[in-house]
Amino acid sequence: MTGALAHFAIERDGENYRLQLALEDGAVLNIIATFEQLDLLGEEIDRRLDADQDLPTPKF
């Protein structure tokens with residue numbers, strides 16, 4: 001299943017964090033992650049965006 005992201009939120013949940021991903025179709029996914037996991041996720045997002053920034057803009 002692939003859905004379009006409509007909204008996301010990150011909240012502290014004890015020693016961990018709760019990620020809530022809401023899709024345009026109304027589905028909601030709640031994920032518990034550690035600080036280290038969120039840190040790795042943020043680093044990977046930064047790497048991906050930096051790599052994509054160097055690509056030519058697609059023409060539709």
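Just so you know, residue 1 is the first one in the sequence shown, and it goes up from there. Heavy atoms only: backbone and side chains are in, while hydrogens, waters and symmetry mates are out.
- In this structure, the separation between CD1 on I45 and CG on L40 is 11.0 Å, given to the nearest 0.5 Å.
- For E15, there are no side chain to side chain contact (heavy atoms under 4.5 Å, CB included) partners two or more places apart in sequence or in a different chain.
- Here the side chain of R12 pairs a donor or acceptor atom with the backbone of G14 at under 3.5 angstrom.
- A single hydrophobic cluster is not seen to contain both L29 and I32; linkage of ILVMFWY side chains at heavy-atom distances under 4.5 Å, directly or through other members, places them apart.
- Residue N16 comes nearest to A33 through the heavy atom pair CB-O, 3.3 Å, listed as atom of the first residue, atom of the second, then distance.
- Between V28 and Q20, the shortest heavy-atom contact is CG1-CG, 3.5 Å.
- Cluster annotation: L19 is connected to F8 through the hydrophobic network of ILVMFWY side chains, with a link wherever side-chain heavy atoms come within less than 4.5 Å.
- The CD1 atom of I10 sits 8.5 Å away from the CG atom of L21 when rounded to the nearest 0.5 Å.
- Contact record, D13 with R18: OD2-NH2, 2.7 Å, taken as the closest heavy-atom pair.
- A single hydrophobic cluster is seen to contain both L38 and I31, as judged by linkage of ILVMFWY side chains at heavy-atom distances under 4.5 Å, directly or through other members.
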